[in-house]
Asks: 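One structure, as structure tokens, below. Some questions next.
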Protein chains: 2
Amino acid sequence: MSEVPTTTAAPPPASVEAFRDRLAQVSGQLPRRLQQCADYLAEHSDRIALSTVAQIAKGAGVPPSAVMRFCQVLGFSGFAELQRLFRSAMPVGLPDYATRLANLKAGPRGAPAALVAEFVDAGRQSLEALALNLSETTLEQAVGRLATARVIHLAGLRRSFPVVAYLAYVFEKLDVAAQLHAGTGGVSARAAMRPGDVLLVVSFAPYSAETLALAQSARDIGLPVVALTDRRDSPLSRLADTVLTVTEVDFGAFRSLSATIALALSLAVATAARRET
Amino acid sequence: MSEVPTTTAAPPPASVEAFRDRLAQVSGQLPRRLQQCADYLAEHSDRIALSTVAQIAKGAGVPPSAVMRFCQVLGFSGFAELQRLFRSAMPVGLPDYATRLANLKAGPRGAPAALVAEFVDAGRQSLEALALNLSETTLEQAVGRLATARVIHLAGLRRSFPVVAYLAYVFEKLDVAAQLHAGTGGVSARAAMRPGDVLLVVSFAPYSAETLALAQSARDIGLPVVALTDRRDSPLSRLADTVLTVTEVDFGAFRSLSATIALALSLAVATAARRET
DNA sequence: ACCAAAATGGAATATTTGTTCCACGCACAG
DNA sequence: CTGTGCGTGGAACAAATATTCCATTTTGGT
């Protein structure tokens, strides 16, 4: 009955991170064999997902049963549960993605498959750049403006149009009032904007004069303007209150919009989430 | 004794690449169930490393024994050998880029930055999956159809609309005759389609009835239909002559479209390039 | 319409792998 | 020196999984 040993009862780590923490925590106050397990797994945690108990045990220089005990000390029901944790945390692109990409690129010059590889690569780089260069404070500010808006007006032409079109769809699904200004109607769009609204404008070089004009209109009326653009010193920057920048790596003359859409989508979902609270 | 069937003896693929080649090689001249296996594995080769026979079989919609036969047809002794191949090709360890993402994700629950991280991750995974599962022959076929078309008709609604909207923009820039059928005009769209044209339709689950109807119309008239969808056995597959599949990893209820746009863009550029020659 | 060959699905079996259990040994306290 | 308790290792057990086999269905040719 009087349980509660010093190592507490049994909270099984729910993430790889939590697993590492727990590992560091118990390390040093373990029996000899279990310490061997801890040391080995700390060093080779990447093998957990694919190896069997026997392989781990051999690697650590202990019998399989020691590995089992170790898993249970950490709070898992057994090795299977630990392995599940690591398998689910694995990236889905399992086989050698890099070599596959290289092979595709190496194909016939201008072949469709080679093009796909290029665009995939460009998209991936764009996404990574987004993650690295993201300004959390600016993002926070943008969400704040959008969350308090009565109606969110969406503006974007040419290559930006798909982005705002998707935003319009997503906002509708999320039950957020949004209006898409896609056509040539700078005039009608202006008429639709009311105090309390916000304009979310997406534009990249070369900046469409029409989009810039719409942003100017919003500013004239006194509406906050949130801009999604490619450079901090773009023409939009002077017109916008909040400027989110996305550097999209392009291949040839075209961009895959991956990072732009990812950011736009995040904006939309974050906005909807904040409204519900 | 006198073995040597027409499909030669048994050279088991020694690399992931060789496996893909062999897959494309035998595809099309296989019995129904085995073809299902081939299709499924071509699209989800990333699951081979971690799944069990039963899971693969369920995913492909065939009994486990069919999967076993398929493995043997490819030259493997069984599924275990195939799985070994894919496991050995797996990347080791978790990329440090993942830790950067993990930090962002670890932020306040539902914080905008965390959302960005999720969408970036989903987009990146989708792109990798696209590169890995791309069927070069199908892609080639699609480009072939599009390149010889008089006019390319574009159809896609809801979440697919941004994709076709972008395609319309890109085709215009590339000087390729394309027409976007976005509105409700199933009738007007039908009237616009002429012999020699091609319909490029983009649709994901849940498949819009309108889009499917348009594809059916094109087929009735005798136009080739190229489909960009999420599953090989989607309703579109029966209506389309060429089916390109993209598995987009989604976060929450929304998708970043990264892979879809990358593939669409590649199609457009490749089509334009082929026309000029 | 019939037959032969191929394909199919599911049940039976083999194998691999995870998990539990218990006899033994070692250390330490009395 | 001896008893108690924890740690240990291997063997027995259980579960999951791969693989084979064969009765039945389907296919393709004449």
Side-chain angles (χ1 to χ4, degrees), chain A residues 1-10 12 19 26-41 47-88, chain B residues 1-8 10 12 19 26-41 47-88 233:
Chain A
M1 287 305 131
S2 60
E3 271 294 330
V4 193
T6 56
T7 55
T8 72
F19 170 79
V26 299
S27 199
Q29 47 182 340
L30 287 173
R32 192 170 57 100
R33 294 274 111 130
L34 299 201
Q35 186 62 49
Q36 279 180 259
C37 292
D39 292 344
Y40 179 80
L41 290 184
R47 298 190 192 174
I48 296 178
L50 290 183
S51 303
T52 68
V53 172
Q55 289 169 318
I56 298 276
K58 186 178 169 194
V62 301
S65 52
V67 175
M68 289 304 302
R69 275 198 304 272
F70 178 76
C71 292
Q72 287 161 350
V73 163
L74 284 233
F76 297 100
S77 73
F79 178 73
E81 196 177 333
L82 170 61
Q83 190 171 56
R84 259 201 306 278
L85 175 65
F86 271 78
R87 284 192 172 180
S88 66
Chain B
M1 295 303 136
S2 58
E3 273 297 328
V4 192
T6 55
T7 54
T8 73
F19 169 78
V26 299
S27 198
Q29 49 182 344
L30 248 40
R32 191 169 59 97
R33 292 275 110 127
L34 300 203
Q35 185 64 49
Q36 278 180 258
C37 293
D39 291 345
Y40 180 79
L41 290 184
R47 298 190 191 174
I48 296 177
L50 290 184
S51 302
T52 69
V53 171
Q55 288 170 319
I56 298 277
K58 188 179 169 192
V62 301
S65 51
V67 175
M68 290 304 302
R69 276 198 302 271
F70 178 76
C71 292
Q72 286 161 350
V73 164
L74 282 245
F76 297 99
S77 71
F79 178 73
E81 195 176 334
L82 169 62
Q83 192 171 54
R84 257 200 308 279
L85 175 64
F86 271 77
R87 286 193 171 179
S88 65
D233 61 338

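Fair warning: this is a prediction, and the values are worked out from it, not measured in the lab.
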Asks: Hey, what are the protein-to-nucleotides 10-12 of chain C N/O distances that come in under 3.5 Å?
Replies:
unit_1  : atom_1 : unit_2   : atom_2 : d
dG10(C) : N7     : Ser65(B) : OG     : 3.3
dG10(C) : O6     : Ser65(B) : OG     : 3.2

Asks: Which class fits the ring pair Phe19(B) and Phe76(B): parallel under 30°, tilted 30 to 60°, perpendicular over 60°?
Replies: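 Ring orientation of Phe19(B) relative to Phe76(B): tilted.
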
Asks: Are Leu41(A) and Phe70(A) packed together at the side-chain level, in the sense that at least one heavy-atom pair is separated by less than 4.5 angstrom?
Replies: yes

Asks: Could you walk me through whether Leu82(B) and Ile48(B) pass the side-chain contact (heavy atoms from CB on, under 4.5 Å) test, one step at a time?
Replies: CA-CA 8 Å; Leu82(B) 169 62; Ile48(B) 296 177; 4.0 Å; yes

Asks: In chain order, what residues pass the side chain to side chain contact (heavy atoms under 4.5 Å, CB included) check against Ala60(A), with sequence neighbours excluded?
Replies: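 In terms of side chain to side chain contact (heavy atoms under 4.5 Å, CB included), with neighbours along the sequence ignored, Ala60(A) is linked to Tyr40(A), Val62(A).
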
Asks: Under the ring pair (Phe, Tyr, Trp, His ring centres under 6.0 Å) rule, collect the residues that match up with Phe79(B), sequence neighbours excluded.
Replies: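 Not a single residue meets the ring pair (Phe, Tyr, Trp, His ring centres under 6.0 Å) criterion with Phe79(B).
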
Asks: Quick check on DNA chain C: between Gln83(A) and Pro31(B), whose nearest nucleotide comes earlier from the 5' end?
Replies: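 Its nucleotide being nearer the 5' end, the pick is Pro31(B).
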
Asks: Starting at CZ of Arg87(A) and ending at C1' of dT17(C), how long is that distance when rounded to a whole Å?
Replies: 11 Å

Asks: Looking only at non-hydrogen atoms, find the nearest pair between Arg87(A) and Ala49(A) and report the distance.
Replies: NE-O, 2.8 Å

Asks: Quantified as the angle between the terminal helix axes (five pairs each), what is the overall bend of the helix from dA1(C)-dT30(D) to dG30(C)-dC1(D) to 10 degrees?
Replies: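 Here the local axes at opposite ends form an angle of 10°.
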
Asks: Closer than 4.0 Å, any side-chain N/O of Gln72(A) to the OP1 or OP2 of dT19(C)?
Replies: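 Negative; the distance criterion is not met.
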
Asks: Nearest-nucleotide wise, let me know which of Arg32(B) and Ser51(B) is further upstream toward the 5' end of DNA chain D.
Replies: Ser51(B)

Asks: For Gln83(A), which residues count as a side chain to side chain donor-acceptor pair (under 3.5 Å) partner, sequence neighbours excluded?
Replies: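 By the side chain to side chain donor-acceptor pair (under 3.5 Å) rule, Gln83(A) matches no residue at all.
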
Asks: How long is the line joining CE of Met68(B) and C1' of dT15(C), in whole Å?
Replies: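 In whole Å, dT15(C) C1' lies 12 Å from Met68(B) CE.
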
Asks: Could you check how far CD of Gln55(A) sits from P of dT17(C), rounded to whole Å?
Replies: 7 Å

Asks: Tell me the interatomic distance from Arg84(B), atom CZ, to dT17(C), atom C1', rounded to whole angstroms.
Replies: 15 Å

Asks: Hey, what do you get for CG (Leu50(A)) to CZ (Arg84(B)), rounding to the nearest 0.5 Å?
Replies: 13.5 Å

Asks: Rounded to whole Å, how long is the line connecting atom CD1 of Ile56(A) with atom P of dT19(C)?
Replies: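 Atom CD1 in Ile56(A) sits about 13 Å away from atom P in dT19(C).
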
Asks: Test of understanding: with side chain to side chain contact (heavy atoms under 4.5 Å, CB included), list the residues that count as partners of Gln55(A), not counting sequence neighbours.
Replies: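 For Gln55(A), the residues satisfying side chain to side chain contact (heavy atoms under 4.5 Å, CB included) (neighbours in sequence not counted) are Ser51(A), Thr52(A).
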
Asks: Can you give the first and last nucleotides of DNA chain D, 5' to 3', that have an atom under 4.0 Å from a heavy atom of chain B?
Replies: dT17(D) to dT20(D)

Asks: With sequence neighbours excluded, what pairs up with Arg69(A) under the side chain to side chain contact (heavy atoms under 4.5 Å, CB included) test?
Replies: Leu34(A), Ser65(A), Ala66(A)

Asks: Taking all heavy atoms of Pro63(A) and all of Ala57(A), pick out the closest pair and write down the distance.
Replies: C-CB, 3.8 Å

